[in-house]
Amino acid sequence: VQLQASGGGLVQAGGSLRLSCAASGRTLSGYAMGWFRQTPGKEREFVATIGRSGLSTYYADSVQGRFTISRDNAKITVYLQMNSLKPEDTAVYYCAAVYRRTTVAGPLDSSGMDYWGKGTQVTVSS
């Protein structure tokens with residue numbers, strides 16, 4: 001599986017961005033999908049995840065209520081709608097996939113992911 005993230009950019013605080021993660025190579029119907037982010041000198045941080053069916057989602061406290069994750073299994077694409085962006089959201093954002101038997105989404109550990117995409121830079125100016 002190859003994952004390709006896109007949609008990053010520069011935005012002012014309070015603005016919005018929509019990230020996309022397109023998959024190729026195989027279906028992702030059995031996989032939970034997640035978004036992580038990383039800033040220089042820090043560990044990769046969990047942001048959001050969506051279960052294999054698309055009905056269950058889970059968010060980090062820092063983005064709850066501002067970010068929305070969704071997936072289109074037909075297009076094999078996962079999205080991260082980011083609203084009310086803050087300067088502290090500035091980071092490189094990565095999408096990832098992990099095989100899951102359950103449809104219930106829960107917090108993800110970056111060390112347990114099966115596939116990773118290359119990151120996309122999000123910069124929020126104050």
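All figures in this text were calculated on a predicted structure; none of them were measured in a lab.
N83 has its side chain out of reach of R18: every pair of non-hydrogen atoms, C-beta onward, lies at least 4.5 Å apart. At least one side-chain heavy atom of F67 sits less than 4.5 Å from a side-chain heavy atom of L80. Looking at L17 and V122, their side chains come closer than 4.5 Å, going by heavy atoms from C-beta outward. Between V124 and M82, the closest side-chain pair of non-hydrogen atoms is not below 4.5 Å.
Checking side-chain atoms of D114 against main-chain N and O of Y99 turns up a donor-acceptor pair under 3.5 Å. T49 contributes a side-chain N or O that, together with a main-chain N or O of M33, makes up a donor-acceptor pair within less than 3.5 Å. Of the possible polar contacts, none joining the T90 side chain to the T123 backbone as a donor-acceptor pair under 3.5 Å is found.
T77 and D72 share no side-chain donor-acceptor pair at under 3.5 Å.
Annotation for G51 and R71: closest pair O-NH1, 2.9 Å, computed over non-hydrogen atoms. Between R66 and S84, the shortest heavy-atom distance links the atoms NH1-O, 2.9 Å. The two atoms that bring V104 and T102 nearest to each other are N-OG1, 3.1 Å, heavy atoms only. For S125 against L10, the heavy-atom pair with the smallest separation is CB-CD1, 4.4 Å. Closest approach of S53 to T103, counting heavy atoms only: OG-CB, 4.0 Å. Taking all atoms of both residues into account, the shortest heavy-atom contact from S29 to R52 is O-CB, 3.4 Å.
Surrounding CD of Q2 are at most 12 heavy atoms belonging to other residues, nucleotides or ligands under 6.0 Å away.
Hydrophobic cluster membership is shared by V78 and Y59, with clusters built from Ile, Leu, Val, Met, Phe, Trp and Tyr side chains linked at under 4.5 angstrom. Side-chain heavy atoms closer than 4.5 Å link hydrophobic residues (I, L, V, M, F, W, Y) into clusters, and following such links, possibly through other members, connects V92 to M113. Taking hydrophobic clusters as Ile, Leu, Val, Met, Phe, Trp and Tyr residues chained together by side-chain heavy-atom distances below 4.5 Å, W116 does not share a cluster with Y93.
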Inset, instruction - Report the C-alpha separation of E88 and S126 in whole Å, then their side-chain angles, then the decisive distance to 0.1 Å, and conclude whether the side chain to side chain contact (heavy atoms under 4.5 Å, CB included) test is met. - result: CA-CA 10 Å; E88 50 264 44; S126 58; over 6 Å; no
Inset, instruction - Could you check Q81 against S16 for side chain to side chain contact (heavy atoms under 4.5 Å, CB included), going step by step and ending with a plain yes or no? - result: CA-CA 7 Å; Q81 178 66 43; S16 299; 3.9 Å; yes
Inset, instruction - Any chance you could lay out the side chain to side chain contact (heavy atoms under 4.5 Å, CB included) test for L28 and Y115, step after step, and finish with the verdict? - result: CA-CA 11 Å; L28 290 176; Y115 303 102; 5.5 Å; no
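Taking the side chain to side chain donor-acceptor pair (under 3.5 Å) definition, one finds that Y94 meets it with nothing, sequence neighbours left out.
Each of Y79, W35, Y58 was scored for a side chain to side chain contact (heavy atoms under 4.5 Å, CB included) with I69, with one residue passing: W35.
In this pair, F46 and F36 present their aromatic rings perpendicular. The plane angle is above 60°, beyond the 30 to 60° band.
Atom-to-atom distance recorded for C21:SG and K118:NZ is 13.5 Å, nearest 0.5 angstrom. The line from SG of C95 to CG of L19 is 9.0 Å long, rounded to the nearest 0.5 Å. The structure places CZ of R44 at 11.5 Å from OG of S111, a figure rounded to the nearest 0.5 Å. The CD1 atom of I50 lies 8.0 Å from the OG atom of S56; values are rounded to the nearest 0.5 Å.
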